[in-house]
Amino acid sequence: MASSCYPVTLGGFRFGSSAQLKTYLSRLLRTEPFIEWREVDPEGSGVLLALLRYHPNAAGKAGLGVRGFVRGHHPQFQRTRCFNLVRDDGTFEDFSFNKVCLSH
């Protein structure tokens with residue numbers, strides 16, 4: 001999301017910059033206790049779902065629909081936490097908010 005897109009409202013939350021959005025999402029991802037595959041709270045899911053439309057591969061990530069988001073570890077980088085999108089068909093897809101909110 002280009003810096004010219006800010007301020008932006010996602011899921012009912014207003015973010016004045018990509019740094020504010022990254023801070024919010026980083027805190028959401030690192031909330032303790034970290035329990036693998038636990039659903040992201042409704043507010044956080046709302047922000048992630050709204051952010052998804054700005055992802056360069058939004059349609060591919062969403063598939064036929066999005067059920068929600070969970071926190072987990074990246075499938076290739078097991079020490080790295082990430083959000084995983086849960087599709088309506090029950091499949092999972094990793095979701096990088098960095099690909100969306102850090103472009104300037």
Side-chain angles (χ1 to χ4, degrees):
M1 179 181 299
S3 59
S4 61
C5 295
Y6 293 94
V8 65
T9 300
L10 301 167
F13 291 88
R14 183 175 168 88
F15 301 97
S17 67
S18 62
Q20 284 181 342
L21 179 56
K22 182 184 176 194
T23 297
Y24 173 86
L25 294 171
S26 293
R27 286 182 183 156
L28 184 64
L29 187 59
R30 295 180 187 353
T31 300
E32 297 297 340
F34 181 80
I35 300 172
E36 192 87 23
W37 307 114
R38 178 173 275 180
E39 288 184 40
V40 174
D41 65 60
E43 292 87 9
S45 287
V47 171
L48 289 167
L49 188 59
L51 187 63
L52 175 63
R53 71 180 179 189
Y54 296 101
H55 194 282
N57 186 24
K61 293 283 181 185
L64 297 176
V66 178
R67 183 184 304 166
F69 293 88
V70 296
R71 297 182 308 156
H73 286 94
H74 192 278
Q76 292 178 316
F77 309 103
Q78 288 296 311
R79 293 184 179 174
T80 303
R81 293 182 185 184
C82 69
F83 293 109
N84 288 278
L85 178 149
V86 183
R87 295 185 184 113
D88 286 339
D89 65 4
T91 59
F92 292 84
E93 178 77 23
D94 65 293
F95 177 72
S96 173
F97 66 86
N98 287 316
K99 288 186 180 176
V100 182
C101 68
L102 295 184
S103 58
H104 292 271

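All residue numbers in this chain count up from 1 along the given sequence. Just the heavy atoms: all of them, side chains too, but no hydrogens, waters or symmetry mates, feed the values below.
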For [X], check side-chain contact (heavy atoms from CB on, under 4.5 Å) against everything at least two apart and list the hits.
X	value
Val66	Leu49, Leu52, Ala62, Phe69, Leu85
Thr80	His74, Phe77
Thr23	Arg27

Distance-minimising heavy-atom pair for [X] and [Y]:
X	Y	answer
Val40	Ser45	O-OG, 3.2 Å
Tyr6	Phe15	CD2-O, 3.6 Å
Gly44	Tyr24	CA-OH, 3.6 Å
His73	Asn84	O-ND2, 4.4 Å
Leu25	Phe83	O-CZ, 3.6 Å

Point to revise | Crowding at CZ, Arg67 (>12 non-hydrogen neighbours, <6.0 Å) | key: yes
Exercise for review: Could you list all the salt bridge (Lys or Arg N to Asp or Glu O under 4.0 Å) pairs where at least one residue sits in residues 40-60, not counting sequence neighbours?
Suggested key: none
Practice item. Kindly state each residue pair satisfying salt bridge (Lys or Arg N to Asp or Glu O under 4.0 Å) with at least one member in residues 74-92, sequence neighbours excluded. Key: Glu32-Arg81, Arg87-Glu93
**Study point:** Contacts of type side chain to side chain donor-acceptor pair (under 3.5 Å), residue Gln78, not counting sequence neighbours
**Key:** none
Check your understanding: Do the non-hydrogen side-chain atoms of Leu51 and Leu21 ever get within less than 4.5 Å of each other?
Key -> yes
Exercise for review: May I ask you to test the Thr31-Arg71 pair for a side-chain heavy-atom distance under 4.5 Å?
Suggested key: yes
Review point. Apart from Val86 itself, what residues make up its hydrophobic cluster when side-chain heavy atoms of I, L, V, M, F, W and Y under 4.5 Å apart count as a link, directly or indirectly?
Key: Trp37, Val70, Phe92
Practice item. Run through the side-chain heavy atoms of Ile, Leu, Val, Met, Phe, Trp and Tyr, join any pair under 4.5 Å, and report what else lands in Ile35's cluster. Key: none
Point to revise | CD on Gln76 to SG on Cys82, rounded to 0.5 Å | key: 10.5 Å
Check your understanding: Where the side chain of Lys61 meets the backbone of Asp94, is there a donor-acceptor pair that is under 3.5 Å apart?
Key -> yes
